[in-house]
Amino acid sequence: MADHRAALAAYERAAALAAGHHADLDPATRLTHAHAWVGGGAPAFADALSRHRSALQSSLTGALHALALLVVRHGGPAPAVPALTTSVTTLAPTAGRFQGIDVDAMTALVASLSRAAHTLPVAGARLAAELSGHGLSAEPGHALGRIATWTAAQSDDLRRRLHRIRETVPGLSLPAGLAAYGLFGAHAADPAGAERLLARAGAGDEEAVTRLLTLQDGGADPGLAARIAAWWTTLSAGTRERLTTLPRFGLLNGLPATTRDRANRQWLAEQRARLERELGTATADLGRLADPGLLGGWERIAARLWRLDLIEAGLRPVAGHPEPLLLAFDVTGQGRLVVSWGDPDTADITVTSVSGLTSGLDAAQGDLERSRALWRQARATSGDRSIASITWLGYDAPQLDPGLFDVTKSVAADDAARKGGRALAAFADGLHAAHAPSARARSVMIGHSYGSLTTGHAAVLRRGRLADDLILIGSPGVGVEHASGLGVDPAHVWVGEAGNDPVAALGRFGRDPGDDSFGAQRIPVGRNVFTAAHSCYWAPDSTSLRNMGRIINGQYRELESARPLNEQPQLLMPELDMNATRELDE
């Protein structure tokens with residue numbers, strides 16, 4: 001009987017320990033789920049926390065079962081072992097690409113882990129003593145000790161990281177990507193070695209920047225830009241200033257837009273100075289040696305200087321518009337140019353325009369003017385919301401040149417769009433990572449012509465994360481058969497096709513987005529003559545431009561109808577309904 005009473009007393013003491021500590025990790029788990037930390041190391045941390053919470057509860061349950069069996073072996077009635085599993089229920093978090101993470105929640109998470117780290121070692125030691133004192137395995141108690149060790153390590157690491165974040169980033173709310181990599185970075189997988197490359201870049205390694213840009217252009221890692229944004233916040237002011245002098249550093253997605261602009265303008269000036277020196281040398285050599293073979297080098301240098309002139313012309317301030325920010329450029333090859341009218345890091349609404357056939361650096365002025373037109377139109381009805389309008393010439397769009405017969409460059413194939421889609425997805429990652437936390441911020445992406453196919457590939461790569469609204473203008477197809485295939489609610493996929501637009505009628509890449517069966521929303525866009533229809537969508541005071549402005553602002557119920565078909569004569573071709581045209585063709 002004495003053995004029975006002693007075993008029962010041990011069971012009761014263990015049961016009291018279990019009742020007091022089985023939920024020690026519940027507060028941290030609840031905070032992790034309630035605040036929807038996503039991306040980076042956050043999912044891995046959440047999984048690890050869940051495993052340790054389950055291990056805590058199963059260890060306590062196992063100890064109670066062992067002691068209950070001991071009571072029975074000594075002739076006593078089996079105690080009822082309580083259920084020690086708990087459920088952590090939270091309200092579903094509100095999704096938002098620019099939603100911030102509450103710093104107070106981070107602080108509470110650290111505090112809850114710290115409390116568990118202090119209470120669990122004592123509970124584990126007492127449990128181990130109860131078990132071993134009756135000849136049972138002390139493993140459940142030791143398991144609590146190991147869980148406490150893990151919890152203490154997480155608490156200390158998160159506290160250090162949080163302190164560093166609070167020192168460098170003002171405000172009570174942080175971008176979700178910064179929390180994911182800045183707070184939970186110890187758990188972030190890094191198969192491509194981006195952390196090592198960033199460490200090297202921070203030390204001034206130009207080759208590391210080049211390798212990071214290669215990773216970026218591949219678009220395979222949706223968290224790369226957020227990792228770069230979090231890394232940037234950890235650097236001292238002196239280091240940041242020094243890094244802006246590195247060639248191509250401003251091309252990294254995830255850096256603040258103003259930092260990119262400063263770095264890129266400095267790099268542009270350095271390239272101009274270098275090319276002017278080279279041009280002077282080449283001109284002197286050409287005159288002195290009279291060697292026709294030197295003419296090609298001279299022309300190459302002069303062509304790049306001319307492109308720098310084009311970029312600088314495009315960056316001149318325009319009255320009534322925000323200062324343009326140079327987010328990326330390259331004068332080699334087909335060229336690159338990304339310019340934002342307005343700061344996309346603080347704008348309430350960001351619209352990114354992606355052009356298609358024949359677009360590129362050499363013809364960038366037209367694309368820049370279209371972005372300004374969108375800014376003006378959206379701003380006219382945006383109220384107190386700020387707008388950033390971006391020209392994205394960040395890929396090798398097909399050209400009407402000998403490359404037309406190269407499948408990797410041809411407008412008849414989607415190779416260029418696939419490659420461009422990866423770069424566009426990475427650019428959108430950067431917009432989201434660098435944006436100041438905001439519950440009302442939204443992003444819109446407009447793809448025109450072949451650029452709509454590029455946009456479609458980017459949307460598929462970043463399902464549900466590329467933009468809030470997709471606008472497809474004059475599209476030959478976007479690579480999917482239905483709007484839902486783009487990973488965006490079809491209610492937010494918009495298609496504009498002028499009745500005479502020959503490119504929109506192709507349906508070359510999947511089902512024609514203008515077809516009713518595609519499932520997108522139709523934008524009234526008005527009409528134009530056949531020869532101008534494909535490029536008429538940004539015409540001043542046009543139905544199409546006004547309606548794009550309203551979609552950009554989320555004013556979906558205010559779209560206006562196009563002018564009637566027969567209101568005025570058409571000299572070259574009457575406007576035709578695209579569905580009726582296809583029926584006639586069939």
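Excluded from the calculations below are hydrogen atoms, water molecules and symmetry mates; all remaining heavy atoms, backbone and side chain alike, are included.
- If you check the side chains of T381 and Q555, you find a donor sitting under 3.5 Å from an acceptor.
- In this structure, L472 and V478 approach most closely via the heavy-atom pair CD1-CG1, 3.7 Å.
- For the residue pair S517/R511, the side-chain donor-acceptor check at 3.5 Å is satisfied.
- The side chain to side chain contact (heavy atoms under 4.5 Å, CB included) check on A208 picks up L197, R200, A201, D205, with sequence neighbours excluded.
- At least one donor-acceptor pair closer than 3.5 Å links the side chain of S544 to the backbone N or O of Y537.
- Heavy atoms only, all atoms of each residue included: M445 and V354 are closest at CG-CG2, 4.4 Å.
- For the atom pair CD1 of I311 and CG of L337, the computed distance is 5.5 Å after rounding to the nearest 0.5 Å.
- At a cut-off of 3.5 Å, with distance as the only test, no side-chain donor of N553 or S382 sits close to an acceptor on the other residue.
- Among all heavy-atom pairs drawn from L431 and P344, the shortest one is CD2-CB, 3.9 Å.
- R422 places no side-chain N or O within donor-acceptor distance of the main-chain N or O of G219, the cut-off being under 3.5 Å.
- Nearest approach of A220 to P222, heavy atoms of both residues: O-CD, 3.2 Å.
- A distance-only check finds no donor-acceptor pair linking the side chain of R248 to the backbone of L252 [under 3.5 Å].
- The closest donor-acceptor contact from the side chain of H432 to the backbone of A428 lies under 3.5 Å.
- For E560, the side chain to side chain contact (heavy atoms under 4.5 Å, CB included) test picks out T543, R546, N547, R550, with sequence neighbours left out.
- With hydrogens and angles ignored, the 3.5 Å screen pairs a side-chain donor or acceptor of E497 with a backbone N or O of G514.
- For T259, the side chain to side chain contact (heavy atoms under 4.5 Å, CB included) test picks out W232, T244, P256, R262, with sequence neighbours left out.
- Every residue meeting the side chain to side chain contact (heavy atoms under 4.5 Å, CB included) condition with A347, not counting sequence neighbours, appears here in chain and number order: T350, S386, A388.
- With sequence neighbours left out, the salt bridge (charged side-chain N to carboxylate O under 4.0 Å, His left out) criterion links R336 to D396.
- Residues passing the side-chain hydrogen bond (donor to acceptor under 3.5 Å, both in side chains) test with T391 are S371, sequence neighbours excluded.
- Side-chain atoms of S340 do not come within 3.5 Å of backbone N or O of D343 as any donor-acceptor pair.
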Could you please spell out the steps behind the side chain to side chain contact (heavy atoms under 4.5 Å, CB included) verdict for R260 and L325? CA-CA 8 Å; R260 298 182 69 167; L325 297 175; over 6 Å; no
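- Here F249 and W267 keep their ring centres 6.0 angstrom or further from each other.
- Nearest heavy-atom pair, W392 versus G420, reported as atom, atom and distance to 0.1 Å: CH2-O, 3.5 Å.
- With no hydrogens or angles considered, a side-chain donor-acceptor pair links R376 and H321 at under 3.5 Å.
- A donor-acceptor contact shorter than 3.5 Å links the side chain of S359 to the backbone of G356.
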Under the side chain to side chain contact (heavy atoms under 4.5 Å, CB included) rule, what do V338 and F329 come out as? Steps first, then yes or no, please. CA-CA 6 Å; V338 182; F329 79 97; over 6 Å; no
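- Using a distance-only test at 3.5 Å, with no hydrogens or angles considered, no donor-acceptor pair links the side chain of E195 to the main chain of R227.
- Judged by distance alone, with hydrogens and angles left aside, the side-chain atoms of E323 form no donor-acceptor pair with the main-chain N or O of P317 at under 3.5 Å.
- Formation of a donor-acceptor pair under 3.5 Å by the E481 side chain with backbone atoms of G510 is not found in this model.
- With sequence neighbours excluded, no residue satisfies salt bridge (charged side-chain N to carboxylate O under 4.0 Å, His left out) with D102.
- Here the straight-line distance linking atom OG of S355 with atom OH of Y450 works out to 14.0 Å at 0.5 Å rounding.
- By the salt bridge (charged side-chain N to carboxylate O under 4.0 Å, His left out) test, D261 pairs with R265, sequence neighbours left out.
- Residue pairs meeting the salt bridge (charged side-chain N to carboxylate O under 4.0 Å, His left out) criterion with at least one member in residues 434-463, sequence neighbours excluded: D348-R440, D384-R440, D429-R462, R442-D469.
- Residues A46 and T32 come closest through the heavy atom pair CB-CG2, 3.8 Å.
- Under the ring-ring contact (aromatic ring centres under 6.0 Å, His included) criterion, F45 pairs with F184, H187, not counting sequence neighbours.
- Screening residues 350-368 for salt bridge (charged side-chain N to carboxylate O under 4.0 Å, His left out), with sequence neighbours left out, gives R307-D362.
- Partners of R372 by salt bridge (charged side-chain N to carboxylate O under 4.0 Å, His left out), not counting sequence neighbours, listed by chain and number: E369.
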